[in-house]
Amino acid sequence: LGGADAALNVTYGNGARYNPATDTWTPMSNLGAPPGRNRAAMAWTGKEMVIVGGATGKASSTYVNSGARYNPTTDTWSAVNNSGAPSARIYASAVWTGASVLFFGGYTGSGYGNDCTSYSPEFGFQTVTSTWLNTYFGSDFGHKPDARESADPDLDGFTNVDEFRGNS
């Protein structure tokens, strides 16, 4: 979703889905989509695209920390509760761990961030600390995502890690 012209003077709020089986593009729904943005962080979970941050214009005053999830199967957007989200920034990185999306780094307008934040639909945003790592991955940091992904308190339909990955 989004992008901008070369000078960052115009930000786009549209997007399209590609179907490799038919080699066709289909416009994405804009219903419930976040405002158009550029330089945002995005990650694919196997089921949804998660987008956070970016800028709605060129100046640092247009940087945002809001986000959304897009499901291409249903062509629907879901808002991301940005409580605990990283501060507004551009050029952050995002990676899917198999259990959550990690957002890290980026430019805040006054410097580069060196923080890391985890996001999952059930638990929202959480700052990654050694306590978080122990809870999420175990004391040996062995991957144990099922210990965290067990409930669906926000009724978003994600009840376990496999579902968020797109495996169920």
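For the numbers below, each heavy atom of this structure counts, side chains included, while hydrogens, waters and symmetry mates do not. Fair warning: this is a prediction, and the values are worked out from it, not measured in the lab.
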Q: Would you indicate whether the side-chain heavy atoms of Phe104 and Val128 approach each other to under 4.5 Å?
A: no

(Q) Contact between Val50 and Trp44 at the side-chain level, heavy atoms closer than 4.5 Å - yes or no? (A) no

Q) How far does CG of Asn38 sit from OH of Tyr12, to the nearest 0.5 angstrom? A) 10.5 Å

Q. Who else is in the cluster with Leu31 when I, L, V, M, F, W and Y are joined by side-chain contacts under 4.5 Å?
A. none

**Q.** Value rounded to 0.5 Å, distance of OG1 in Thr97 from OH in Tyr119
**A.** 13.5 Å

Q | OH on Tyr70 to OG1 on Thr45, rounded to 0.5 Å | A | 13.0 Å

Q: Look up atom CZ in Arg89 and atom OG1 in Thr108, then write down how far apart they are to the nearest 0.5 Å.
A: 6.5 Å

**Q.** Same apolar cluster: Val52 and Ile90, side chain cutoff 4.5 Å
**A.** no

**Q.** Minimal non-hydrogen separation, Gly109 against Tyr107, with atom names
**A.** O-OH, 3.0 Å

Q) What distance separates Asp75 CG from Asn30 CG, expressed to the nearest 0.5 Å? A) 9.0 Å

**Q.** Rounded distance [0.5 Å steps], CH2 in Trp96 versus CD in Glu48
**A.** 9.5 Å

Q. For the residue pair Ala33 and Ser29, what are the closest heavy atoms and their distance?
A. CB-O, 4.5 Å

(Q) Quick check: is Val80 connected to Phe103 through a chain of hydrophobic side chains (ILVMFWY, heavy atoms under 4.5 Å apart)? (A) yes

Q. Does any pair with a residue in residues 58-67 pass side chain to side chain donor-acceptor pair (under 3.5 Å), and if so which ones, sequence neighbours excluded?
A. Arg37-Ser66, Asn65-Asn82

Q. Taking atom CG of Asp5 as the centre, does the number of heavy atoms from other residues, nucleotides or ligands within less than 6.0 Å exceed 12?
A. yes

Q: List the steps, then state whether side chain to side chain contact (heavy atoms under 4.5 Å, CB included) holds for Tyr18 with Asp23.
A: CA-CA 7 Å; Tyr18 178 70; Asp23 192 27; 2.6 Å; yes

Q: Mind listing the closest non-hydrogen atom pair of Ser120 and Ser100 along with its distance?
A: CB-CB, 4.3 Å

Q.
Restricting to non-hydrogen atoms, name the atom on Thr11 and the atom on Ala55 that form the minimum distance, rounded to 0.1 Å.
A. CG2-O, 4.2 Å

Q) Can you list the steps and then say if Asp115 with Thr127 is a side chain to side chain contact (heavy atoms under 4.5 Å, CB included)? A) CA-CA 8 Å; Asp115 53 338; Thr127 301; 5.7 Å; no

Q. In the single-linkage hydrophobic clustering (I, L, V, M, F, W, Y; side-chain heavy atoms under 4.5 Å), do Ile51 and Met28 co-cluster?
A. yes

Q. Transitively linked via ILVMFWY side-chain contacts under 4.5 Å: Tyr112 with Tyr91?
A. yes

Q) Is there a donor-acceptor pair closer than 3.5 Å between any side-chain N or O of Trp77 and the backbone N or O of Pro34? A) no

Q. What heavy-atom pair brings Gly84 and Thr117 nearest, and what distance separates the two atoms?
A. O-CG2, 3.8 Å

